[in-house]
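Note sheet for the following structure.
Throughout, protein chains are lettered first and strands after them, A, B, ... in sequence-line order, and every chain is numbered starting at 1.
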Amino acid sequence: MCNDRSSPASGAPAPAAPGTPEGDAGTSLWRDAWRRLRRNPQGIAGAVIVGLFVLVAVLAPVLAPYAGTALPGRGEITPTSIPGIGEVPGFPLGLDRFGGDVLSKLIWGAQASLIIGLVSTAFGLIGGMLLGAIAGTFRGWVDAVIMRVVDILLSVPNLLLAVSIAAVLGQTPSAVMIAIGASQVPIFARLLRSTMLAQSSSDYVLAARTLGLGKGAITVNHVLPNSMGPVIVQGTLTLATAVIEAAALSFLGLGGGRPETAEWGRMLTYAQNELAIAPQLAFLPGICIAITALGFTLLGEALREALDPRSGAR
Amino acid sequence: MLRVIGKRLLLLVPTLLGLSILLFAWVRALPGGPASALLGERATPEAIAQINEAYGFDRPIIEQYFTYIGRLLTGDFGNSVQTNRPVLDEFATRFPATVELALVALAIAIAVGIPLGYLGAKYYGKTVDHVSVVVSLLGVTVPVFFLAFILKWIFAVQLGWFPPDGRQSPRIDATHATGYYVLDGLLTGELDAAWDAIVHLVLPGLALASIPLAIIARITRASVLQVYGADYVRTARAKGLLPRIIRDRYILRNAMLPVVTTIGLQLGLLISGAVLTETVFNFAGIGQFLADAVFRRDFPVLQGFIIFIAILYSLINLIVDVSYSLIDPRVRVQ
């Protein structure tokens, strides 16, 4: 997002000299990108945040003192007072209005966010790639019809699209994932198609065609692998969007499930009624969402620069 | 120019036609059909049959579509399930609130975003630049409604500088001729009413401005960086032109093209952001109405809103394209 110019004045490390081992002629695009990624402080910060987030999410059963839906502190809360950070022994981050342990819920919330993010991004990615690949391979009227629909869907703001889809699917957690994923389909479709079009006029495609390879083989073996860079970048950025949008859909009452579910968006939603007496209930999950989104955004932007150094000059 | 505008308006027709088919299919794809979606928990077989007859859901699908299109063309978007009033009337009453809010947010975003991006580029790598980078990162990663909570907690609950919600204090008995409360106050000379409305706009306006501000700052910074080292800027400096003139006529004017596109594209973000912001601040605009519509499965309202947004979005894009030629004469030549 931020390294728009890679001049030495930026304080960023200069690109490796041609003689260094990593910079040897013949290094693959991916190795080259990995080298650039490792030298980008923002990318490292993003990777550390994402790494911690994934670690907490995966280890939630070990780390969290209580189960996500447990209400161990039910006896401690009254309608007018909710114990805050450090006010009751055994609950370091306090309790919520249901009597749930906030620390445990934040940890389980990481897991919920990771699952929502991964499933919805995978859904958007696969759907978008299928449509984009079909349009990019067959061209002609197939391309025209698919892209027309994609354009129409892109004229509806993303969150609104997700909300409309979720409203149709009903109020369940899986509906939220499908809705967020589906709202990303047009973005991935357009992205993949345009990269594929750019790739298909390159020399190696011409060479493959001259060798007599079929359309399908060229697409699968040559064009698609070379079009993956922008898709991976977009996928990482979509993980950030998915975490934020899932919270937004929860906030609008579309999340489904039980109210005490350990999910950051849900925790924020209920916290708004207690903003005056227990603001930490809003701040803690809100900060978790923001940090997670920040991690994926930093990593995504660093990947963009690593995979396509020229784009940094935009 | 007129021909171009006419052509673009004509291109809107197939898009809207396609959208209407998608929306029509969307409501028909509801689980259990549109009638049980309308009724929700009260869906008994008799009630469903009754609704099907009343709304014509039992007719052939093609006939239903043409009835639907015919109604749309005459401006009939159906009645809201929540209020049983025509969708268009509901929009008309709530539209001014959202327009006021969106304009305030866009004004804040432009007034802060462009200078921030410009200074970031000018002092590349310095503290100002870091601030501009951090702001543009936070703007897109902090959820709008969470920012709204923070603003509300600090400035309304703790400090009491601004009202926590609503569009105008209940104690104010103002005449509302246009529905734009600030304008109403100014027109009727009730300045305290206008001021009260402005005060109510500050916090939601700031919250809503966050995403567009971040994006505008980012694009401005990148765009100015690109222009900054250009030969013609160097020449202008060598000629000894005033720095102000170099900035306004040479750098900003050339760097503004992508920024103008971006500002135009913020509309969608402003509207979806308004859904969240208006809910937090209980600000009675289209956004809050839409949030209720989602929750109560008010499909006529959702349908009408999406068509409305798509038209607005296309028109804004058209205006953006036209404004290009005003900023950059080179575009006009093509």
Side-chain angles (χ1 to χ4, degrees), chain A residues 1-5 7 9-11 42 148-149 151-153 155-171 240-241 243-245 247-249 251-254 265 268-269 271-272 275-276 279 282-283 285-287 289-298 301 313-314, chain B residues 14-16 18-19 22-23 26-27 29-31 37 121 124-125 129-130 132-134 136-138 140-147 149-150 152-153 157-158 164 218 221-223 225-226 267-269 271-273 275-276 279-280 290-291 293-295 297 299 302 305-306 309-310 313-314 317:
Chain A
M1 171 165 288
C2 331
N3 281 352
D4 292 309
R5 199 164 62 175
S7 82
S10 71
Q42 285 172 358
R148 222 39 242 163
V149 174
D151 280 345
I152 291 170
L153 290 177
S155 76
V156 180
N158 195 261
L159 180 67
L160 206 59
L161 194 59
V163 163
S164 321
I165 299 168
V168 174
L169 295 172
Q171 297 171 6
T241 320
V243 171
I244 296 177
E245 279 192 358
L249 292 188
F251 179 72
L252 291 174
L254 287 169
L268 250 173
T269 310
Q272 66 175 323
L275 201 57
F283 291 163
I287 290 170
I289 296 172
I291 290 181
T292 307
L294 183 70
F296 282 115
T297 307
L298 284 174
E301 297 291 342
R314 269 190 322 163
Chain B
T15 305
L16 289 178
L19 189 65
L22 286 181
L23 284 174
W26 172 57
V27 171
L30 295 174
Y124 183 81
D129 185 28
H130 296 317
S132 107
V133 166
V134 168
S136 49
L137 259 177
L138 287 183
V140 288
T141 52
V142 176
V144 174
F145 55 100
F146 177 51
L147 181 66
F149 279 160
I150 298 178
K152 193 170 164 175
W153 187 73
V157 179
Q158 292 299 309
R218 181 190 171 179
R221 178 176 173 275
S223 182
L225 268 181
Q226 224 174 20
L267 181 95
L269 285 175
I271 297 289
S272 39
V275 175
L276 301 164
T279 308
V280 175
L290 195 75
V294 169
F295 196 66
R297 299 167 72 84
F299 286 99
L302 284 175
F305 188 75
I306 291 175
I309 290 295
Y313 208 64
S314 312
N317 271 337

Where does [X] contact chain B at under 4.5 Å (heavy atoms): side chain, backbone, both or neither?
X: A:Phe283; value: both
X: A:Ala248; value: both
X: A:Ile287; value: both

Going from [atom1] on [X] to [atom2] on [Y], what distance comes out if it is rounded to the nearest 0.5 angstrom?
X: A:Thr297; Y: A:Gln42; atom1: OG1; atom2: CD; result: 11.0 Å
X: B:Ser132; Y: B:His130; atom1: OG; atom2: NE2; result: 10.0 Å
X: B:Arg218; Y: A:Glu301; atom1: CZ; atom2: CD; result: 4.5 Å
X: B:Phe305; Y: B:Phe299; atom1: CZ; atom2: CZ; result: 15.5 Å

Part of [X] within contact of chain A (heavy atom distance under 4.5 Å):
X: B:Val157; result: side chain
X: B:Leu147; result: neither
X: B:Phe145; result: side chain
X: B:Leu276; result: both

Taking C-beta and beyond as the side chain, do B:Val280 and A:Phe251 meet within less than 4.5 Å on heavy atoms?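 Yes, their side chains come closer than 4.5 Å.
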Minimum heavy-atom separation for B:Gly273 to B:Val144, with atom names?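 That closest heavy-atom pairing would be O-CG1, 4.3 Å.
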Contact leader toward chain B among A:Leu268, A:Leu153, A:Val163, A:Asn158, where contacts are heavy-atom pairs under 4.5 Å: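 Answer, by heavy-atom pair count under 4.5 Å with chain B: A:Leu268.
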